[in-house]
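Following: one structure in structure tokens, then a few remarks.
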Number of protein chains: 2
Amino acid sequence: MAGNALPANGNGSALTQAARTAISDKAMVDAAIDLILERGTDGTTLQAIGEKAGYSRGLATYRFGSKAGLFDAVCKSISRRWLSYLNSGVGNQVGIDAMCVALDAFFQFISDFPRDARVLQILYCGAASPQSEYRQTSINIHQRQRDDVAKWVRAGIREGSIRGDANPDSVAAQYIAYISGMTYLWLINPESIDFRKANEDMKLHIRRSLQK
Amino acid sequence: MAGNALPANGNGSALTQAARTAISDKAMVDAAIDLILERGTDGTTLQAIGEKAGYSRGLATYRFGSKAGLFDAVCKSISRRWLSYLNSGVGNQVGIDAMCVALDAFFQFISDFPRDARVLQILYCGAASPQSEYRQTSINIHQRQRDDVAKWVRAGIREGSIRGDANPDSVAAQYIAYISGMTYLWLINPESIDFRKANEDMKLHIRRSLQK
DNA sequence: AATCACTTGCTTGTTGACAACAAGTTACTT
DNA sequence: AAGTAACTTGTTGTCAACAAGCAAGTGATT
């Protein structure tokens with residue numbers, strides 16, 4: 001569909017090898033996102049991904065090595081988008097402000113790209129299984145986000161906006177756990193979660209428990 | 001191993017049909033827990049479960065209908081244990097007390113039965129996939145827990161220990177999201193989580209944001 | 001600028017493992 | 001002893017993974 005399996009037809013305008021790879025890569029990641037949303041990770045086959053992307057049944061395996069390798073790539077692709085989205089929202093803010101803006105950015109991301117958000121959460125869940133070949137990716141992403149939050153808290157304490165007895169690492173774990181857990185609850189039962197309201201309440205709670 | 005495939009050996013002391021089923025059932029659920037911990041849900045086969053339980057490769061399929069059916073049974077089995085554990089801890093308490101005691105019970109459960117806790121969380125994660133045949137089980141369990149928490153909050157407001165402007169449903173969602181998210185973080189990277197400390201901080205946080 | 005050796009992208013052939021189901025066998029029940 | 005329920009074995013279709021081959025792109029030499 002998206003990719004052209006035979007780019008050099010009659011004329012001399014050929015694609016670069018790197019371009020060919022980039023095109024087929026993106027086509028397969030996109031196909032994977034569609035299929036995961038439709039059928040879940042178990043129901044998604046490498047054959048279906050390759051063919052939906054406009055290639056052969058074998059390309060996905062060839063390119064990504066394994067099903068887990070492909071999921072890892074999808075995971076990284078989406079989380080890259082999310083992190084840049086987040087960074088552009090938070091900017092240089094720190095402390096409680098940063099935490100609140102990040103919550104808003106998260107809600108915005110879920111509203112703007114619900115498909116990406118859903119697939120990312122599905123893949124994070126897949127990383128929970130022992131022997132998961134992309135668990136490390138999930139660990140790294142979550143750890144990085146926790147580190148960012150802990151930094152915001154530390155800076156907030158320094159500038160005096162956050163009470164000095166707050167434990168940055170503990171607050172960060174709690175904050176990331178909230179986001180992760182809320183997203184899970186939303187994923188399995190979207191109607192049961194009013195994300196906007198939950199986030200407004202969460203901001204209030206953050207202020208109450210951290211403000212000096 | 002645990003189950004006897006041939007209980008009626010030479011003597012006349014035979015087992016009841018119901019007892020036979022109960023024994024093989026339990027043996028297979030136990031085997032499944034072991035195997036899921038070892039190899040994850042994907043790496044666990046129905047054949048391996050049946051044989052590890054001391055039966056044939058086909059019994060697990062026969063009894064539970066499908067892999068999802070078996071996981072659903074395991075999920076229900078463990079969550080039953082957890083809920084009775086929880087109830088015996090909380091008793092008739094309500095409000096902030098109930099919320100704090102439940103956190104303690106949860107930490108205790110994870111310390112006492114880390115294997116069960118891990119498998120339960122792995123299965124909850126599996127329920128995140130679309131088309132998951134036991135998603136409803138996860139939804140029900142989480143919904144029930146949220147309802148319980150919301151009840152505690154409402155009772156706390158009535159008895160005057162919780163501020164009147166707290167939204168019970170929102171607080172409940174936040175509380176359950178915290179537990180779910182924290183368990184996920186613990187599952188993928190146990191060393192990174194100090195559950196005891198996180199829970200102590202969470203209790204403080206709850207008091208600060210809900211106490212009148 | 002034409003061609004030739006080489007590399008990389010991609011496809012097709014094949015194998016072993018597994019879930020699911022059907023048909024058969026063994027253990028209990030009345 | 002006939003019937004029912006627990007359990008096993010035979011079989012099929014699907015899939016991931018790998019291997020071998022084909023096609024497209026690259027770049028050095030002339």
Side-chain angles (χ1 to χ4, degrees), chain A residues 1-28 31-32 35 39-72 126 131-134, chain B residues 2-28 31-32 35-36 39-72 126 131-134:
Chain A
M1 263 188 177
N4 287 321
L6 301 166
N9 17 40
N11 56 17
S13 86
L15 285 166
T16 257
Q17 294 280 53
R20 289 212 314 168
T21 309
I23 289 170
S24 61
D25 232 72
K26 180 168 176 3
M28 284 195 289
L35 288 167
R39 315 178 189 174
T41 47
D42 285 11
T44 296
T45 69
L46 292 170
Q47 170 169 359
I49 291 169
E51 287 172 352
K52 189 182 175 81
Y55 297 85
S56 70
R57 69 179 169 77
L59 185 58
T61 305
Y62 169 76
R63 180 68 50 76
F64 298 102
S66 69
K67 203 169 170 176
L70 170 56
F71 288 164
D72 190 39
Q131 315 282 357
S132 166
E133 292 175 47
Y134 59 98
Chain B
N4 286 322
L6 302 166
N9 15 43
N11 55 18
S13 86
L15 284 165
T16 256
Q17 295 281 54
R20 287 215 305 168
T21 310
I23 289 169
S24 61
D25 232 74
K26 180 169 175 2
M28 284 195 289
L35 288 166
I36 290 170
R39 313 179 191 173
T41 48
D42 284 13
T44 296
T45 68
L46 292 169
Q47 170 169 0
I49 290 169
E51 288 172 351
K52 189 182 176 78
Y55 296 85
S56 70
R57 68 182 170 74
L59 185 59
T61 305
Y62 169 76
R63 178 67 48 77
F64 299 102
S66 70
K67 202 169 171 176
L70 170 56
F71 288 164
D72 189 39
Q131 315 282 357
S132 166
E133 292 175 47
Y134 59 99

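Naming: A, B, ... by sequence-line order, numbering from 1 per chain.
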Counting only side-chain heavy atoms from C-beta out, which of C:dT11, D:dT9, C:dT29 sits nearest to A:Tyr62?
C:dT11
Nucleotide by nucleotide, 5' to 3', does protein get under 4.0 Å of the base (B), only the sugar-phosphate (S), or neither (-) in nucleotides 14-22 of chain C, counting heavy atoms?
B---SSB--
Between C1' on D:dA16 and CG on A:Leu59, what's the gap in Å once rounded to a whole number?
15 Å
B:Ser66: partners by side chain to side chain contact (heavy atoms under 4.5 Å, CB included), with sequence neighbours left out:
B:Ala68, B:Glu133
Does the side chain of B:Ser56 get closer than 4.0 angstrom to OP1 or OP2 of D:dT9 through an N or O atom?
no
Of all residues at least two apart in sequence or in a different chain, which pass the side chain to side chain contact (heavy atoms under 4.5 Å, CB included) check with A:Thr45?
A:Gln47, A:Ala48
Applying side chain to side chain contact (heavy atoms under 4.5 Å, CB included), name anything that partners A:Thr41, two or more places apart in sequence or on another chain.
A:Ile36, A:Phe71, A:Ile122, A:Leu123, B:Ser129
Under 4.5 Å between any side-chain heavy atoms of A:Tyr134 and A:Leu70, yes or no?
no
Starting at atom CD of B:Glu51, determine the distance to atom C1' of D:dC7, rounded to an integer number of angstrom.
14 Å
Output the rounded distance in Å from CD1 (A:Ile49) to P (D:dA17).
11 Å
Between B:Arg20 (CZ) and C:dT26 (P), how many Å, whole number?
13 Å
With B:Phe64 as partner, the option from B:Asp25, B:Leu46, B:Asp72 fulfilling side chain to side chain contact (heavy atoms under 4.5 Å, CB included) is B:Asp25
Applying side chain to side chain contact (heavy atoms under 4.5 Å, CB included), can you list everything that pairs with A:Asp42, at least two apart in sequence or on another chain?
B:Asp42
Check the distance between D:dT8's C1' and B:Arg63's CZ and give it to me in whole angstrom.
13 Å
A:Phe71 CZ to D:dA17 P: how many Å, rounded?
10 Å
